[in-house]
Amino acid sequence: MKTPIRLLALFVCTFLAACGHLEMTPEGDANRVVTGTVNLRVPTDLPADATVLVRVIDGARAEPTLRVLGEQAITRAGNPPVAYRVEFRADDTLLRRGVNIEARVSFGGQLRYYNINAIGLSLGNIDRPVVLVVDPVKR
């Protein structure tokens, strides 16, 4: 008589375990770093007054403005590829939703290059270098 009850209990426990997902992974440190390079789609040398700005942004659809989580401005960047390292703060919940990284290259007092396509950062790629390819600004 005890065997059917044990089997029923085992079945119920197995069924309940398969129905839901309980996240048991501990939360990661919210202090993050993303590294990589900025490359120009049209290869050219940058002038001495060039500045490369790399920003990690949270552009949630409900917010009217972008929230900058971290940035690095590289002056006298030299010729591409330009290495960057951006420190920012984002908890695992924010990275599960995703944030973006963008690059802009300015010189002569004007924006000259930027990344047209959004580049997302998430828990799946935050630990790998990100190559940002920037395109010329159309005038």
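Note: hydrogens, waters and symmetry copies are ignored here, and every other heavy atom, side chains too, is used. Nothing fancy with the numbering, it's 1 onward along the sequence. The structure displayed is predicted, hence computed values, not measured ones.
- Nearest heavy atoms, Phe107 versus Ala50: CB-CA, 3.7 Å.
- Between atom CG of residue Asn100 and atom CG of residue Leu121 there is a gap of 7.5 Å, rounded to the nearest 0.5 Å.
- Tyr114 is not connected to Leu53 by any chain of hydrophobic side-chain contacts under 4.5 Å among Ile, Leu, Val, Met, Phe, Trp and Tyr, and they are in different clusters.
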Asp127/Arg32 under salt bridge (charged side-chain N to carboxylate O under 4.0 Å, His left out): CA gap, chis, key distance, verdict: CA-CA 9 Å; Asp127 58 345; Arg32 312 288 181 163; over 6 Å; no

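- Here the CG atom belonging to Leu111 is positioned 11.0 Å from the OG1 atom belonging to Thr51, to the nearest 0.5 angstrom.
- In this structure, Asn115 contributes its side chain and Ala103 its backbone to a donor-acceptor pair below 3.5 Å.
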Side chain to side chain contact (heavy atoms under 4.5 Å, CB included) between Leu123 and Arg96, intermediate numbers included: CA-CA 6 Å; Leu123 287 172; Arg96 280 187 199 99; 3.6 Å; yes

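- Taken to the nearest 0.5 Å, the CD1 atom of Ile126 stands 9.0 Å off from the OG1 atom of Thr35.
- Within the 4.5 Å cutoff, the side chain of Leu69 has no heavy atoms near those of the Val86 side chain.
- Arg112 has its side chain out of reach of Leu46: every pair of non-hydrogen atoms, C-beta onward, lies at least 4.5 Å apart.
- The two residues Leu94 and Arg67 make their nearest non-hydrogen contact at CD2-NH2, 4.1 Å.
- Without hydrogens or angle criteria, Asp49 side chain to Gly108 main chain gives a donor-acceptor distance under 3.5 Å.
- Expressed to the nearest 0.5 Å, how far CD1 of Ile74 lies from CZ of Arg85 amounts to 12.0 Å.
- Under the 4.5 Å side-chain heavy-atom criterion for ILVMFWY residues, a single connected hydrophobic cluster contains both Val34 and Ile119.
- Here the side chains of Pro129 and Thr37 are not in contact, with every heavy-atom distance at 4.5 Å or above.
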Thr44 vs Tyr113, side chain to side chain contact (heavy atoms under 4.5 Å, CB included): CA-CA, chis, key distance, verdict: CA-CA 11 Å; Thr44 187; Tyr113 295 87; 3.3 Å; yes

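- When all heavy atoms of Val130 and Tyr84 are compared, the closest pair comes out as O-OH, 2.8 Å.
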